[in-house]
Novice: 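A single structure is presented below for examination.
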Amino acid sequence: MKKKLLNITIVVILLTMIIPTSAFNWYWDEVRITLLHTNDFHGRLETDYKGRGGAANLAGAINYVKLIKGEQNVLLLDAGDEYFAAPAISQLLMGESTIDIFNEIGYDLAVFGNHEFDKGQEELAERVAQSEYPWLGANVVLEGTDWDLPEWAEPYTILTAGSFFNPVRVGVIGVATDETPQVTLLGTTEGLEFKDLTETILHYYDEVRAQADALIVVAHMGTDDSGPYKGLVTIAEELIAAGKPVDLMIGGHQHQPLYEPLYVGDTA
């Protein structure tokens, strides 16, 4: 990682989607929604020495977008590593301070990053219980089972945006990087299996697609392959080859800035 990237504490990506919806047979047949996305926040609630980053700047940027786009048209997502590997303001409080702030900002969901497991599953479960939004980890499976998840994880959620008269349902499958056991502290993922990301998305694909107007994936994984672990480009290619493409993939983990969407077929 280049040294200058160490100063990047918050990445917010603004994406606009125009989604046809058949919920009502009205004149309006499109809903324009905005997705706001953060990843690898790492509990940086305060600004750095140059006044960059921090929770106040983050909340201000999010509230501004909600003001100009309409709060009902904005969904707010986090792609993991939310509160550990962090400064003392979050690390010494076991992430409680960061979850309080994310609750106040109004996040709609988060996925598990590898650092969410740093202090063990009991501590993780407490942070999930504190959160006013769901935590997704469709591929975080109890060892010895096919697809049983721990009680603190959900495989997907259906978010609703748009107006009461013309809503759109966005299905979100959330996955953690399957290299988590190798990049978090020894023993903290005991009893868990992190399944292949493509296999996991395909497992839930039809179930989610049947409930939603659009299907997206939020993953704590970057665009590029990491050794034997698939990045989002490879996963998108495999989903397309299986005839099960998704509309959008949002990632993190690799701390890679993307200033324009990267397309694999029609998947951004």
Novice: Of Asn39, Asp78, Asp81, which is the lone residue that meets side chain to side chain donor-acceptor pair (under 3.5 Å) with His220?
Specialist: Asp81
Novice: Side chains of Phe112 and Leu124: closer than 4.5 Å at any heavy-atom pair?
Specialist: yes
Novice: For Leu149 and Glu154, work out which heavy atoms get closest and say how close.
Specialist: CD2-C, 3.7 Å
Novice: Would you please name every residue forming a side-chain hydrogen bond (donor to acceptor under 3.5 Å, both in side chains) with Ser131, sequence neighbours left out?
Specialist: Trp135
Novice: If only side-chain N and O atoms count, and only distance matters, is there a donor-acceptor pair under 3.5 Å linking Gln256 with Thr223?
Specialist: yes
Novice: Applying salt bridge (Lys or Arg N to Asp or Glu O under 4.0 Å), can you list everything that pairs with Glu238, at least two apart in sequence or on another chain?
Specialist: Lys230
Novice: Any chance you could pull the hydrophobic cluster mates of Leu93, using side-chain heavy atoms under 4.5 angstrom and chaining through other members?
Specialist: none
Novice: Restricting to side-chain contact (heavy atoms from CB on, under 4.5 Å), what partner residues turn up for Asp148, sequence neighbours left out?
Specialist: Leu142, Thr145
Novice: Between the side chains of Lys195 and Asp146, is the shortest nitrogen-to-carboxylate-oxygen separation below 4.0 Å, so that they form an ion pair?
Specialist: no
Novice: Please list all pairs meeting side chain to side chain donor-acceptor pair (under 3.5 Å) that have one or both residues in residues 97-110, counting only residues at least two apart or in different chains.
Specialist: Thr38-Tyr107, Ser90-Thr98, Asp100-Gln130
Novice: Counting C-beta onward and ignoring hydrogens, is there a side-chain heavy-atom pair between Glu82 and Ile99 closer than 4.5 Å?
Specialist: yes
Novice: Considering residues at least two apart in sequence or located in another chain, which fulfil the side-chain contact (heavy atoms from CB on, under 4.5 Å) criterion with Thr160?
Specialist: Pro167, Arg169
Novice: Measuring only between side-chain heavy atoms, which start at C-beta, is Phe102 closer than 4.5 Å to Tyr83?
Specialist: no
Novice: Within a strict 4.5 Å, meaning less than it, do heavy atoms of the Thr177 and Phe194 side chains meet?
Specialist: no
Novice: Are a donor atom and an acceptor atom from the side chains of His253 and Glu179 found within less than 3.5 Å of each other?
Specialist: yes
